[in-house]
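Excluded from the calculations below are hydrogen atoms, water molecules and symmetry mates; all remaining heavy atoms, backbone and side chain alike, are included. Letters go in sequence order (proteins before strands), and every chain restarts at 1. All figures in this text were calculated on a predicted structure; none of them were measured in a lab.
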Amino acid sequence: MRVRSLAAALETARTTRSRIAKEQALAGAFRELDGQQLATAARIATGRTLPVGDGRSLGVGGSLMTELIVQRTGAAPAEVWETARQTGDLGEAFGRLVQDKGGESTGAEVSLDEVAAMFDALAGTGNRAQKLGLLEGVFSRATALETTYLAKVILGSLRVGALGGVTEAAIARAFDVPIEDVRRAMALVTDPGTVAVLAKARRLGEARFELGRPVAYMLATPLEGVVQPLDPEAFVLEDKLDGVRTQVHKSGDDVAMFARGLERVTTAFPEVVNAFRAIEGDVALDGELVVMTPDGRPRPFQALQARLRRLAPTDEMLEKTPVTFVAFDILHDGRGDLLALPWLERRNAMDRFSGERGPRSAFLINPAVRLGTEAPLPEQLDRAFEQARARGHEGVVLKRIDSPYEAGRRGQAWIKVKRAFATLDVVITAAEEGHGKRAGVLSDYTFAVWKDDVLVNVGKAYSGLTDVEIDEMTQRLEAITLERHGGLRMVKPEIVLEVAFDGIQRSTRHKSGFALRFPRIVRIRDDKAPEEADRLDAVQALFAAQVETGHREETEALEPPPREPKAPRKKKPKEPPANQLSLFGDPEKRR
DNA sequence: GTCCATACCTACC
DNA sequence: TTCTGACGAATTCGG
DNA sequence: CCGAATTCGTCAGAAGGTAGGTATGGAC
């Protein structure tokens, strides 16, 4: 089977807005396939290259792709960037350049099996040259359309409007099976490829929960989205912890942990593994991974962040930021999966698995309390919410006591209650060109407030810094830039832009960024961690000055300046990596 | 030849 | 993670 | 009563913020 008909189906799906038409296009392509080819096609339709749970990644991003495009089409890097800028999508640009430069293949056709083999091989090597060779091997025989969609899926931005839900429906339609069966199987097996193959064989019923393989997470709906009145007696309340959603599966001495994307993260959290080794029996639990202070208070998400992407933590980290897995649901008790049981029964089953006690335990169970009937529900919620915040939590979650575990669904059985957002008026001082749908408009703003006659950047530029650091930074930069430019512009402490506000300039490192000629007023939300509230107060105070000095006025964004190809610093062409420019990595904070 | 900074990619909220 | 906008089905409205 | 308008559930996509792992290329 060729990639060609899948690419054609994806193109059809992309160019129509109708979900049904997208579904039909994909279903048509799926119907002609089976086995591994079907699996590969289903994964590609959902924007994936490897099976769910593979754990590896291709390691091919904008930079390597640009190199490939240059090699394939003979276009200059500047031309590639310009085309990507126009289309808002590097994959789209690749296809167009292949077409324009007459680089379409006339050779042997590319099969889905080859594509799957390429994905696997790409994930298997870290060597840039080897990756390039593997890509070249397939792309050199691809048509323009195949090129576009292969590049898109490799870059992780398919943008055909047919992820998850539409592809599930397409599988159901292709093989004439009930959509509910597809959904159920997807929640349990999680890999669209496997599910598609099961659907074709009419064996969706065989999908089972397996200890050691994660299920899709059950998610909570925000309270604002809840329509029906709630019966207080049907719900319990739990604290909503601000950490990372995690499943822990224990089978004998094997303990496995899975993060939100269902990747294995076991080696990062040995303290949790040890805690689970110490308990009796097999089990699979759903919960939140958090960092706590010695007295049992949760620390903000930032504290956990340092542990997140580490394959193996250092002893120092284990000492300074030990993590705790706080379980709030049970999926399997060693004898069978409990997903269909009502929450109350699952809760009872889970309570048998409590680990060692104490605030520094690496395994705790999240307390749940029944709602009362003495006060009106909104009042109870307000009180519970404030109490949860006072304990350092993000908010509360309401859970229906009669609800099964609805894997992979965001239903109204779980309802999260978080803080109402305060707003703050700020000024945009820099922006980047958008991608995808947003091509041609400005986005990715840097915010500022007025301080006296000078704009001080806040928002993303300052995120993560303390008030003291901000003050120091501000003073230093004011000294430099007031003298040199008559104004203060900055994107990152070490990056000072070159002009004030009377024109548009691109910054040195914020490559695709440019200032707006006139600041525009926007609103941002205050949904930061509690400790950042002080900082926002300070910013609010600065903002008050803006009103007095009359600096607030609404103006239009200007068109971006013509882009001149910049001479590459090195011999190798480097691509401005789309809108995911990393502006961060402050050396000051690394200490 | 080794070391180190950094460019790139990825994944969590 | 949140937010927005869109589709399509269900429900209500109006002639 | 029937078609039009509105509501509602669901989904896709965009966006912002942050840090670690790995390959690589230049400095020494």
Side-chain angles (χ1 to χ4, degrees), chain A residues 13-14 16-23 46-47 55-67 88 125-131 154-169 219-222 224-228 242-246 259-263 265 268 288-289 300-302 304-313 317 394 409-412 416 418 421 431-432 434-439 441 443-447 459-464 524-525 527-529 532 569-572 574-587 589-590:
Chain A
R14 186 181 67 84
T16 177
R17 282 173 143 175
S18 159
R19 285 202 197 124
I20 290 169
K22 288 174 194 289
E23 224 178 279
T46 55
R56 300 175 300 168
S57 60
L58 297 196
V60 179
S63 178
L64 197 54
M65 188 58 75
T66 303
E67 220 170 299
T125 176
N127 182 288
R128 244 180 117 84
Q130 269 181 44
K131 282 186 198 286
I154 287 171
L155 293 170
S157 58
L158 208 50
R159 284 197 272 253
V160 302
L163 293 178
V166 173
T167 300
E168 281 175 6
L219 305 169
T221 307
E224 304 82 67
V226 175
V227 205
Q228 325 94 312
D242 189 13
V244 177
R245 191 75 180 273
T246 308
R260 192 50 217 285
L262 305 179
E263 306 299 335
V265 292
E288 193 87 359
L289 205 59
F301 181 76
Q302 271 180 320
L304 179 60
Q305 201 129 33
R307 292 284 307 268
L308 281 188
R309 304 222 62 214
R310 279 210 164 249
L311 296 178
M317 287 180 140
E394 200 183 4
R409 318 263 323 146
R410 190 186 296 280
Q412 310 224 325
K416 55 182 166 187
K418 297 171 80 166
F421 298 129
E432 293 187 22
H435 292 257
K437 265 191 192 167
R438 303 184 62 77
V441 301
S443 61
D444 195 3
Y445 306 115
T446 296
F447 302 111
K460 77 176 190 181
Y462 270 134
S463 182
I524 57 168
R525 290 189 339 244
D527 59 341
K528 300 293 183 190
E532 292 201 329
R569 276 184 305 146
K570 295 173 197 160
K571 277 194 299 180
K572 289 208 168 188
K574 295 283 182 237
E575 187 252 357
N579 56 348
Q580 295 184 349
L581 244 186
S582 174
L583 292 169
F584 301 98
D586 180 4
K589 282 192 328 190
R590 286 260 171 80

*Step by step, work out the side chain to side chain contact (heavy atoms under 4.5 Å, CB included) result for A/Arg260 and A/Val244.*
CA-CA 7 Å; A/Arg260 192 50 217 285; A/Val244 177; 5.5 Å; no
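Atom CD1 of A/Ile154 is separated from atom C1' of B/dC8 by 16 Å (rounded to the nearest Å). Per the geometry, CG belonging to A/Leu58 stands 15 Å off P belonging to D/dA23, to the nearest Å. When rounded to the nearest whole Å, the span between CD of A/Glu67 and C1' of B/dC8 equals 12 Å. For the pair A/Arg409 CZ and D/dT10 C1', the interatomic distance rounds to 9 Å; values are reported in whole Å. Here D/dC11 presents its P atom at 18 Å from CG of A/Leu158, a figure rounded to the nearest Å. One atom, CZ of A/Arg410, and another, P of D/dA12, lie 12 Å apart when rounded to the nearest Å. When rounded to the nearest whole Å, the span between CD of A/Gln412 and C1' of D/dC8 equals 11 Å. Protein atom CZ of A/Arg310 is 16 Å distant from nucleotide atom C1' of B/dT10, rounded to whole Å.
Among D/dG21, D/dG13, D/dA12, the nucleotide with an atom closest to any side-chain atom of A/Arg159 is D/dG13. Here the nucleotide nearest the side chain of A/Leu163, chosen from D/dT24, D/dG13, B/dC9, is D/dG13.
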I'd like a list of close polar pairs between nucleotides 11-13 of chain B and the protein, N/O only, cut-off under 3.5 Å.
| unit_1 | atom_1 | unit_2 | atom_2 | d |
| --- | --- | --- | --- | --- |
| B/dA11 | O4' | A/Arg309 | NH2 | 3.4 |
| B/dC12 | OP2 | A/Gly261 | N | 3.4 |
| B/dC13 | OP1 | A/Arg245 | N | 3.0 |

Below 3.5 Å is the cut-off: list the nitrogen or oxygen pairs between protein and nucleotides 7-10 of chain C, distance only.
| unit_1 | atom_1 | unit_2 | atom_2 | d |
| --- | --- | --- | --- | --- |
| C/dC7 | O3' | A/Arg19 | N | 3.4 |
| C/dC7 | O2 | A/Arg19 | NH1 | 3.1 |
| C/dG8 | OP1 | A/Ser18 | OG | 2.6 |
| C/dG8 | OP1 | A/Arg19 | N | 2.8 |
| C/dG8 | OP1 | A/Ile20 | N | 3.2 |

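In plain terms, the two heavy atoms of A/Val166 and A/Glu23 that are nearest each other are O-CG, 3.9 Å. Annotation for A/Leu289 and A/Leu304: closest pair O-CD2, 3.1 Å, computed over non-hydrogen atoms.
Take A/Ala259 and apply the side chain to side chain contact (heavy atoms under 4.5 Å, CB included) test, not counting sequence neighbours, and it matches A/Val265. A/Glu288 meets the side chain to side chain contact (heavy atoms under 4.5 Å, CB included) test with A/Leu241, A/Arg245, A/Val290, A/Phe328; sequence neighbours excluded. A search for side chain to side chain contact (heavy atoms under 4.5 Å, CB included) contacts involving A/Arg56 returns A/Leu50, A/Asp54, A/Asp120, A/Ala123, not counting sequence neighbours. Taking A/Leu262 as the reference, A/Val52, A/Thr190, A/Pro214, A/Tyr217, A/Gln247 meet the side chain to side chain contact (heavy atoms under 4.5 Å, CB included) condition, with sequence neighbours excluded.
Between the side chain of A/Lys131 and the main chain of A/Leu58, a donor-acceptor pair closer than 3.5 Å is present. Under a 3.5 Å cut-off, the side chain of A/Thr125 and the backbone N or O of A/Asn127 do form a donor-acceptor pair.
Residue contacts for A/Gly164: at a heavy-atom cut-off of 4.0 Å it reaches the sugar-phosphate backbone alone, with no base atom in range. Residue A/Leu311 is in sugar-phosphate contact alone, with no base atom involved, counting any heavy-atom pair closer than 4.0 Å across all strands shown.
Proximity of A/Lys416 to the phosphate of C/dT2: a side-chain N or O atom is located under 4.0 Å from OP1 or OP2.
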